[in-house]
Amino acid sequence: MTSAVLPTYARADLAFERGEGVYAFTADGTRYLDFGSGIAVNALGHTHPHLVSALSEQAGKIWHTANTFRIQGQERLAERLAAATFADVAFFCNSGAEANEAAIKMARKYQSATGHPERWRIITFEGAFHGRTLATIAAGGQEKHLAGFGPKVDGFDQVPFEDREAVKKAVTQETAAILIEPIQGEGGVRAASPQFMRYLRAVCDENDLLLVLDEVQCGVGRTGWLFAHEMAGITPDIMAIAKALGGGFPIGACLATRRAAIGMTAGTHGSTFGGNPLAMAVANAVLDVILAPGFLEHVRRMALLLRQRLAGLIDTYPMLFEEIRGEGLMIGLKCAIPNTEILTALRDQHLLAVGGGDNTIRLLPPLIIEEKHIGEAMDALHAMAMTLTRAQKESAA
Ligand SMILES: *Cc1c(COP(=O)(O)O)cnc(C)c1O
């Protein structure tokens with residue numbers, strides 16, 4: 001397969017032509033159950049009628065005006081996000097990495113604007129993923145993402161996940177903030193305990209540091225809560241979100257309290273495309289659905305059901321799976337054989353899932369799944385497991 005596309009992805013030789021709800025279809029009409037959601041992006045599945053009409057309607061009005069003018073959709077989306085969260089203000093961009101860049105800049109700027117320009121370092125965690133820009137690969141700290149790209153951007157101090165002593169030791173006179181994913185996604189679906197999240201909040205409060213959350217993957221309903229930090233009963237000062245917020249349309253946002261955003265005055269940051277009317281129309285439509293009464297309860301109900309069934313699968317096939325991780329419909333299965341083998345075998349059963357760090361596969365189904373889709377996914381998982389265990393036995397014999 002030669003292609004003019006830069007080969008930065010190990011792609012499966014599979015392409016989808018259209019999607020409908022929880023299903024994606026190849027050109028020859030083969031149907032796949034999409035439990036990957038384009039990596040937690042298509043939270044409302046494919047071609048959700050409300051999103052299609054919001055986008056089409058906006059496409060016939062105006063596409064782009066630049067941020068030198070007021071954009072109604074931004075004002076509405078920012079107000080709704082503020083009303084639903086800890087935040088007072090929102091900056092709009094186009095991706096998760098950009099949302100984190102804005103968050104990192106804002107945290108540093110807060111310290112310099114409040115008399116502490118010497119505080120610019122940020123504590124981050126092993127196994128983190130915050131994006132692929134130069135600053136966010138430094139924040140993530142993964143050697144495989146940093147190698148060959150020159151000196152690592154300075155200002156990030158990485159400590160082990162869930163390690164309170166290491167966090168305490170890492171706080172110095174130069175520390176500005178702590179940045180964490182409440183549930184690590186790419187790192188293998190590792191959830192920080194509520195106790196650890198509360199500990200980080202307390203450390204920030206004691207030292208006038210900002211708590212910055214990367215909820216790019218775990219946010220916007222994925223856990224059955226609008227945002228994952230709600231489960232710990234704390235609020236951040238700054239939060240990066242993206243993925244599901246656009247339901248498949250590129251968007252990112254950096255939410256903050258007015259206090260944390262104090263340094264971000266006119267001219268300090270920007271984005272040409274950020275908060276574009278098309279993206280705003282879609283994101284507002286996504287919120288219409290996710291904020292509707294009963295939606296998050298539905299997510300929690302489906303998550304419970306799916307997790308119960310998955311626990312049974314793991315009990316039956318300990319030679320394939322070690323444990324189940326995550327919260328709500330952000331599910332990681334730690335594999336006992338290479339995760340790529342399981343992903344390929346699942347694709348053969350027409351079920352799409354996503355790989356993750358620490359030899360996991362991620363199940364990130366659209367939040368609109370129903371009981372029957374869980375049944376279909378479990379059938380595919382059991383068929384995959386039977387095929388793989390049979391192959392294991394044959395090669396052993
Ligand atoms: C996907 C992801 C990012 C990066 O988002 P992009 O849109 O790819 O830039 C950052 N943080 C987390 C937690 C993510 O899952």
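Atoms within each ligand, like the ligands themselves, are counted from 1 in listed order. These numbers were taken from a predicted model, which means no experiment stands behind them.
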(request) Please state which part of H130 comes within less than 4.0 Å of ligand 1, counting heavy atoms only: side chain, backbone, both or neither. (result) backbone
(request) Specify the protein heavy atom at minimum distance from atom 6 (P) of ligand 1: its residue, its atom name, and the distance to 0.1 Å. (result) G96 N, 3.4 Å
(request) Kindly say whether C335 contributes a backbone atom to a donor-acceptor pair with the side chain of N339 at under 3.5 angstrom? (result) no
(message) Is atom 11 (N) of ligand 1 touching the protein, meaning some protein heavy atom lies under 4.0 Å away?
(response) yes
(request) Pull out every atom of ligand 1 sitting under 4.0 Å from any heavy atom of S95, numbered as shown with elements. (result) 7 (O), 9 (O)
(message) Looking only at protein heavy atoms, which one is nearest to atom 9 (O) of ligand 1, and what is the separation?
(response) A97 N, 2.7 Å
(request) Could you verify whether a donor N or O on one side chain and an acceptor N or O on the other, from E376 and Y23, lie under 3.5 Å apart? (result) yes
(message) Below 4.0 Å, non-hydrogen atoms only: which portion of A242 touches ligand 1? Side chain, backbone, both or neither.
(response) neither
(request) With atom 13 (C) of ligand 1 as the reference point, say which of T136, T133, L213, D214 has the nearest heavy atom. (result) D214
(request) Provide, to 0.1 Å, the distance between atom 1 (C) of ligand 1 and the closest protein heavy atom, together with that atom's residue and name. (result) K243 NZ, 1.5 Å
(message) Do the side chains of E327 and R222 get close enough for a salt bridge, i.e. N-O under 4.0 angstrom?
(response) no
(message) Are there over 12 heavy-atom neighbours, none belonging to L291, within less than 6.0 Å of that residue's CG?
(response) yes
(message) Using a plain distance cutoff, I'd like to know if E186 has any nitrogen or oxygen under 3.5 Å from a nitrogen or oxygen of ligand 1.
(response) no
(request) Give a yes or no on whether the backbone of I122 and the side-chain of D157 come within a donor-acceptor separation of less than 3.5 Å. (result) no
(message) I need the atoms of ligand 1 closer than 4.0 Å to a non-hydrogen atom of E181, numbered in the order shown.
(response) 13 (C)
(message) Checking the N or O distance criterion of under 3.5 Å, is ligand 1 in contact with F129?
(response) yes
(message) Does only the side chain of N100 get under 4.0 Å from ligand 1, or the backbone, or both, or neither? Count heavy atoms.
(response) side chain
(request) Check step by step if ring pair (Phe, Tyr, Trp, His ring centres under 6.0 Å) holds for F156 and F125. (result) CA-CA 10 Å; F156 299 98; F125 293 88; over 10 Å; no
(request) Decide, yes or no, whether a salt bridge links D163 with K169 under the criterion of side-chain N to carboxylate O below 4.0 Å. (result) no
(message) Please determine whether a side-chain nitrogen of the Lys or Arg among R390 and E394 lies less than 4.0 Å from a carboxylate oxygen of the Asp or Glu.
(response) no
